[in-house]
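One is the number of the first residue; the rest follow in order along the sequence. In listed order, ligands and their atoms are each counted from 1.
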Amino acid sequence: MKSISLLGATGSIGQQTLDVIASNPQAFKLSAMSVGRNIEAAEEIIQKFNPEICAVQLEEDAKTLRSRINNSGTKIVSGMDGLIEAAVSTDSSIVVNAVIGSVGLLPTLKAIEAKKTIALANKETLVTAGHLVMEKAKQHQVAILPVDSEHSAIYQCLNGENIDDVEKLILTASGGSFRDKTREELKNVTVKEALNHPNWSMGAKITIDSATMMNKGLEVIEAHWLFSFDYSKIDVILHKESIIHSMVEFADTSIIAHLGQPDMRVPIQYALTHPERLELVNGKRLNLWEVGKLHFQKMDYDRFRCLKLAFEAGNMGGLMPTVLNAANEKAVELFLNGHITFLEIEELIERAMLQAVNVNKPELDAIQETDKRTRHFVESLLNKGR
Ligand code: NDP
Ligand code: MG
């Protein structure tokens, strides 16, 4: 029986993780959880799973939740201290980090110090501070298991291989909601259209990231840190069916690919059962004859500028990925709230990168300070009318 701390239990990945836990009560139990502001859903989860501790973003919501669940025995905590407590305080062996954004960084670092295996969905953590996370994981001999489908695929393709024989990691990209639109057509797209992803049902921020292709950019940086490959050895290819989740090319020209239905419960469950596998309850088998054809297209970096910016930030290293990530988080929030247009997302990110002063191998406080400063900068551009 594996005991699990789940950060971001109310989100898209969080709910699917709960589904995997509930489907396998003999294998998993939920010992700790965190939510943001959705305390109605938190109450339901507490009633169903009875965890020891639940962290809530704000103390005012924690008070309401405490009064609602009064006799359940679940301790309700709040704020960043609460989130860290949920990550480290129980007997959990695995922390699933499924919060959104760089807010996931500190609990990940603390969970590593507490020697918990990390099942990482929260890619922003690796983008903003990959060197700190990987160094700490090495120091404490803790495994970081990818939940992101592309990275889970690559992790499985690399299984038992000699890293020196790898020519390239090839990440597949569905193209998101606007795959077939020209840049001209992107000028007037709406939030509602952007939120309509053809293959995956996900949280709002990552759905917008998929439409701008920043999601793939963040994943390139995530792959760089997880697998220790130079950016010149990481490639992206458009594959609209999302059946091949990613591939690895070897020196002898062989390519190993990972195929499956677009169902996030598969990589979530794999991270929880690794190195073993369990049957996926209600999993749909992949019949390739039903799929018929798979399509691939060369990536166009002028069409998808966010991906180009991410490669640039990754290659520059230091604080630049922190700037890229924070500017993106702020710009996506502004787009979702109707303050900027779709194409202004990449414009704001580029301007944030242009004004940034880079530092090599930044410490945690420099990263946190840059994250905050970049968000303010992006907001100030908006206030100045750009
Ligand atoms: P969601 O927006 O659906 O969920 C985010 C979760 O984080 C919710 O539980 C939310 O709480 C919580 N949260 C949000 N802001 C804060 C905060 N400031 N403090 C504490 N908790 C907070 O996101 P997804 O599940 O889609 O994505 C989660 C992560 O997984 C992201 O990093 C994403 O890139 C990655 N990922 C997601 C995939 C997917 O299929 N969805 C696929 C691959 C990776 P509440 O709702 O209660 O406010
Ligand atoms: Mg992904």
Side-chain angles (χ1 to χ4, degrees), residues 6-19 33-46 54-59 61-62 64-65 77-87 96-108 118-128 146-155 171-176 195 197 199-210 212-223 226 236 239 242 244-246 258 260 262-268 271 325 328-329 332-333 336 371 375:
L6 172 58
L7 309 183
T10 41
S12 160
I13 294 289
Q15 291 288 335
Q16 292 178 85
T17 306
L18 291 173
D19 192 23
M33 63 182 271
S34 89
V35 307
R37 307 259 359 231
N38 189 349
I39 52 170
E40 282 74 30
E43 193 182 343
E44 279 175 32
I45 301 167
I46 289 170
C54 171
V56 176
Q57 195 178 333
L58 303 177
E59 179 52 28
D61 290 336
T64 313
L65 189 57
V77 293
S78 66
M80 182 48 81
D81 290 347
L83 190 57
I84 292 170
E85 200 177 336
V96 179
N97 186 345
V99 299
I100 190 97
S102 57
V103 69
L105 174 59
L106 271 187
T108 301
I118 311 291
L120 192 67
N122 177 236
K123 62 192 86 180
E124 294 89 351
T125 283
L126 278 183
V127 173
T128 204
V147 168
D148 214 345
S149 57
E150 294 77 1
H151 306 77
S152 177
I154 290 173
Y155 191 87
L171 299 171
T172 51
S174 71
L195 285 175
H197 194 285
N199 305 351
W200 300 92
S201 160
M202 312 178 283
K205 192 252 176 187
I206 184 177
T207 307
I208 304 302
D209 284 347
S210 299
T212 61
M213 202 53 85
M214 182 55 92
N215 182 49
K216 213 47 57 182
L218 301 178
E219 289 182 357
V220 165
I221 300 175
E222 186 186 6
L226 274 175
V236 177
H239 164 49
S242 297
I244 295 187
H245 296 141
S246 279
H258 177 283
D263 181 343
M264 282 309 295
R265 291 177 310 150
V266 179
I268 292 169
N325 179 66
N328 181 56
E329 284 192 35
V332 170
E333 184 191 313
L336 284 170
D371 183 291
R375 286 167 202 256

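- Centred on the Mg ion (ligand 2), the OD1 atom of D148 and the OE1 atom of E150 lie at an angle of 100°, reported to 10°.
- Nearest to atom 23 (O) of ligand 1 among the protein's heavy atoms is I100 CD1, 3.8 Å.
- Ligand 1 places these atoms under 4.0 Å from at least one heavy atom of N38: 45 (P), 47 (O), 48 (O).
- For the ligand labelled ligand 1, residue K205 lies outside the 4.0 Å heavy-atom shell.
- Those atoms of ligand 1 with a heavy atom of I206 less than 4.0 angstrom away are 26 (O), 33 (C), 34 (O), 36 (N), 37 (C), 38 (C), 42 (C), 43 (C), 44 (C).
- Remark: E124 engages K205 in a salt bridge, criterion side-chain N to carboxylate O under 4.0 Å.
- Looking only at side-chain heavy atoms (C-beta outward), V56 and C54 come within less than 4.5 Å of each other.
- The shortest N or O to N or O distance between D148 and ligand 1 is not below 3.5 Å.
- Below 4.0 Å from some heavy atom of K123 lie the following atoms of ligand 1, by number and element: 32 (O), 34 (O), 44 (C).
- For atom 22 (C) of ligand 1, the nearest non-hydrogen atom of the protein is G36 CA, 3.9 Å.
- Scanning all protein heavy atoms for the shortest distance to atom 25 (O) of ligand 1 gives I13 N, 2.9 Å.
- Looking only at protein heavy atoms, the nearest one to atom 29 (C) of ligand 1 is V99 O, 3.4 Å.
- Here the straight-line distance linking atom CG of L83 with atom CD of Q57 works out to 9.0 Å at 0.5 Å rounding.
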For side chain to side chain donor-acceptor pair (under 3.5 Å), just list the numbers for T125 and N122, CA-CA rounded to whole Å, side-chain angles, deciding distance to a tenth of an Å, and then say yes or no.
-> CA-CA 6 Å; T125 283; N122 177 236; 2.3 Å; yes
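- The shortest N or O to N or O distance between M202 and ligand 1 is not under 3.5 Å.
- The part of A98 lying near ligand 1 is the backbone, judged by heavy-atom distances below 4.0 Å.
- Rounding to the nearest 0.5 Å places CD of E222 at 4.5 Å from CG of D148.
- The distance from ligand 1 to the heavy atoms of E124 drops below 4.0 Å at these ligand atoms: 31 (C), 32 (O), 34 (O).
- The nearest protein atom to atom 4 (O) of ligand 1, hydrogens excluded, is given as G11 CA, 3.1 Å; this is a heavy-atom distance.
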Working for side chain to side chain donor-acceptor pair (under 3.5 Å), residues N199 and S242 = CA-CA 7 Å; N199 305 351; S242 297; 2.8 Å; yes
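- Between I46 and E44, the closest side-chain pair of non-hydrogen atoms is not below 4.5 Å.
- In the vicinity of M264, heavy-atom distances shorter than 4.0 Å reach the ligand 1 atoms 40 (O), 42 (C), 43 (C).
- Of the protein's heavy atoms, G203 N, 2.9 Å lies nearest to atom 26 (O) of ligand 1.
- Among all protein heavy atoms, the one lying closest to atom 47 (O) of ligand 1 is T10 OG1, 2.7 Å.
- Between R37 and ligand 1, an N or O atom pair is found at a separation short of 3.5 Å.
- Contact check for V99 versus S34: side-chain heavy atoms found under the 4.5 Å cut-off.
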Dump the intermediate steps for salt bridge (charged side-chain N to carboxylate O under 4.0 Å, His left out) on R375 and E333, then the final yes or no.
-> CA-CA 11 Å; R375 286 167 202 256; E333 184 191 313; 5.3 Å; no
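- Considering both main-chain and side-chain atoms, S12 comes within under 3.5 Å of ligand 1 through a nitrogen or oxygen pair.
- Ranking the protein heavy atoms by distance from atom 16 (C) of ligand 1 puts Q57 OE1, 3.7 Å first.
- Taking the side chain as every heavy atom from C-beta outward, T207 and L195 approach each other to under 4.5 Å.
- The name of the N, O or S atom in E219 nearest to the Mg ion (ligand 2) is OE2.
- At least one side-chain heavy atom of S102 sits under 4.5 Å from a side-chain heavy atom of E329.
- Looking at heavy atoms from C-beta onward, I13 lies out of side-chain contact with M202 at the 4.5 angstrom threshold.
- The ligand atoms of ligand 1 that sit less than 4.0 angstrom from a heavy atom of N122 are 32 (O).
- Using a 4.5 Å heavy-atom cutoff, the side chains of V96 and L7 are not in contact.
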